[in-house]
Every structure is written in structure tokens, then in C-alpha cells.
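Atoms considered below: every heavy atom in the structure, side chains included; atoms not considered: hydrogens, waters and symmetry mates. Chain letters run A, B, ... following the sequence lines, proteins first, then strands; residues in each count from 1.
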Amino acid sequence: MPEGPELRLSGLFVNRVCDGLHFTGKVEKSAISKNPEVPFCSPKYTISAVSRGKEVKLILTPTSDKNDAASVVFRFGMSGSFKFTAVDNLPKHAHLRFYTKDSPKRVLSFVDPRRFGSWEFNGSWQPERGPCVMTEYEKFRENVLKNLSDKVFDKPICEALLNQKYFNGIGNYLRAEILYRLHIPPFMPAREVLEAVKHQNQNSDLSLSKKIKIKKENPDLLQLCHSVPLEVIDLGGKGYDPENAVDYAAFGTWLQCYFVTGMKTMKDSNGRTIWFQVGVLMS
DNA sequence: CGTCCACGTCTAC
DNA sequence: TAGACCTGGACGG
């Protein structure tokens, strides 16, 4: 379940289910996972989460000494998620496990069938990843508009949108939905699209209130990189998560382009499928 | 049974 | 810029 919204929703999920709970003992890793052991052990600790783009960090805090807090930073690959279950109901593919002290004994698991996900003990946010499109909007916007000379922006806009140095949190369904909202041809050069955003940004003949009104009614590409992911979070489910039929139905209804009947698909230069509106390539 | 496809990085030639 | 890394679901024969 893993583009920015799913990572953010996972963090919120952890904070909700772990609120007021205590965990204990060692952190267990499955034998098959190639990710590192998590050498943290405490008789009584709490878990909280924070997310940034396509990463989420769990903070493990011993109740005895909050200065001994440790953390684990996760990336979800194509299939990562957190689940909270009874100990005797451990999910398949639960590769990292945190056990509660409180009864009934439960377990918070990092579940990842395909094992493309990764974690790092006491790691920091990946330094090459840019500001979060959801939680650091102004920084995100500035990071893009100040670096338009980067060769990343020589590429088609649909490919640039997957670059996590600039669009931390955007993934394959979000790029399709965002471009669709503005009817932007996916293979337009990114710099061309973004220079127009920058120019629009500086257009200052109008009053402030008029500018705000225009911004609200005609959000530009970078605003949509923020607001479209937030729409997914506001659906209240888990976003892209086929496992929950009700939430997945709501997500499916929300999609306007990706996976939608009648939309066209192509492979981008990295072999990833881009969904877009029929006719938009020619317009 | 087989082939294709999937929400993403990684590293090796 | 290809593969590599994986499981599993959908669909075809």
C-alpha cells in the first residue's frame, strides 16, 4: 500500500493502535528477510510514528528513560504495510515484529510479501529524498522551482514526477491522477511545464485576494502534488490497499484516471505504465 | 499449468 | 538503461 498517502496513513495507524500501549522485549526479525536485525530491547517501551514522503519512522521509547529512545526508518517497496494482530494470528510475511507487554498479547508487524521494502535501525530520512509533498509543502515547492536547471527536468513530466529528490511521496497512481486533473500530456518536457508554473507564480499584477482566489480555483501542478495525496488521506481508509474491500472500493471510486476504463496507457522510458486521458497526447 | 502484471527502488554493466 | 529483487492475483489454454 505504498505511495506517500499510504505511508502517512500507516504512521497514523501505528499512532492510533499503539496509543497508551506498552511493548516489551526484543524486536523480532523473520529469518528470510535480508534487512538488518533491530538490536533494541526494553522491558517496557512505547511506539509512535512519523512519516515523510515515502518513508515512515517508528520511535521506540523506553518508559524508564526517554533518552534511550531508538528508531527504525521504513521504506515500503511495492507491498509493505503495518498490521496489528493477536500474537497467535501473526500475518504471513510479517518480517519485523514488536510485541506488547499489555494483555492480551498483541504484535505490531511490518508485513511485506514481496520483500522490496527495507528498514534501517536508528536511521535518518534518506538524504537524497526531498521534502515531503504532504507535510512540507512550501519547502517541496521551493526545492522544485529553485532547481529547474537540474537535468531531471529534461525528462518528460510523468518521469520527473517519480523522482524522489523532488517529489518525495509521489508514485505511479498519483502521477497519473495529478496530470489528469490538469490535462497535461504526460510526455511534455518537465521543465516546460514547471517554468510555466514558476512564471504564473511571479505574475503579480493582481491584488492579493484575487491571486488567492485564482490559486484556489486553478491549482497548479505543484499544488496538486500536495492536495491530491491529501484527498487520499481524507478518504479515511488505507488508500491503495486491496486487502480491505470497503476501503479499496472507496479508493477505486476516487481514482479518475489510473486503472480507469477508457483511459490510455503507455510505458515510460523506465518501463512503468503511465495512465492518461485519451486525446491528451495530441492536444 | 503458464504468462503477465502490480503502489519501488537498487546496483551493476 | 537494463535487469534484479519477490509474491500472488488475474486470466488464458
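For A:His93, a side-chain nitrogen or oxygen approaches OP1 or OP2 of C:dG8 to under 4.0 Å. For B:dC5, neither phosphate oxygen OP1 nor OP2 lies less than 4.0 angstrom from any side-chain nitrogen or oxygen of A:Arg272.
In this structure, A:Phe76 does not pack face-to-face on the six-membered ring of B:dG8, missing the 5.5 Å centre cutoff or the 30° plane limit. In this structure, A:Phe116 counts as stacked on the base of C:dC5 under the 5.5 Å centre distance and 30° plane angle limits.
Between A:Lys34 atom NZ and C:dC6 atom P there is a gap of 3 Å when expressed in whole angstrom units. As rounded to whole Å, 11 Å separates atom P of B:dC7 from atom CG of A:Asp268. Residue A:Glu128 contributes atom CD, which lies 17 Å from atom P of B:dG8 at whole-angstrom precision. The nearest whole Å value for the distance from the CG atom in A:Leu9 to the P atom in B:dC7 is 18 Å. Put simply, CE on A:Met134 is 17 Å from P on B:dC7, counting in whole angstrom units. In this structure, A:Asn270 places its CG atom 16 Å from P of B:dT11, rounding to the nearest Å. Rounded to whole Å, atom C1' of C:dC6 lies 13 Å from atom CG of A:Asn35. Rounded to whole Å, atom P of B:dC7 lies 15 Å from atom CD1 of A:Ile178.
Between A:Glu142 and A:Lys146 there is a salt bridge, since a side-chain N of the basic residue sits under 4.0 Å from a carboxylate O of the acidic one. Of the charged side-chain nitrogens involved, at least one lies within less than 4.0 Å of a carboxylate oxygen, so that A:Arg52 and A:Glu136 count as a salt-bridged pair.
Below 30°, between 30° and 60°, or above 60°: for A:Tyr173 and A:Phe251 the angle between ring planes is above 60°, a perpendicular geometry. Aromatic ring pairs are classed by plane angle as parallel below 30°, tilted from 30° to 60° and perpendicular above 60°; the pair A:Tyr248 and A:Tyr240 is parallel. In this structure, A:Phe74 and A:Trp119 have tilted ring planes: the angle between them lies in the 30° to 60° band.
Under the 6.0 Å cut-off for aromatic ring centres, A:Phe76 and A:Phe110 qualify, their centroids lying closer than that.
Contact annotation for A:Arg175: no contact, since no heavy-atom pair falls under 4.0 Å across all strands.
For the side-chain hydrogen bond (donor to acceptor under 3.5 Å, both in side chains) with A:Asp220, the lone residue among A:Gln200, A:Lys198, A:Arg141 that qualifies is A:Arg141.
Between A:Gln126 and A:Tyr248, the residue anchored closer to the 5' end of DNA chain B is A:Tyr248, taking for each the nucleotide with the nearest heavy atom. Both A:Gly271 and A:Ser118 sit near DNA chain B, but only A:Gly271 has its closest nucleotide nearer the 5' end.
With hydrogens and angles ignored, no donor-acceptor pair closer than 3.5 Å exists between the side chain of A:Arg115 and the base of C:dC6.
Listed by first residue number, the stems of DNA chain B with at least three Watson-Crick or G-U pairs below 3.5 Å are B:1-6 with C:7-12, B:8-12 with C:1-5.
Taking atom P in both C:dG3 and B:dC4, one finds a spacing of 15 Å when rounded to whole Å. Using atom C1' as the reference point in both C:dG9 and B:dT9, the two lie 22 Å apart (nearest Å).
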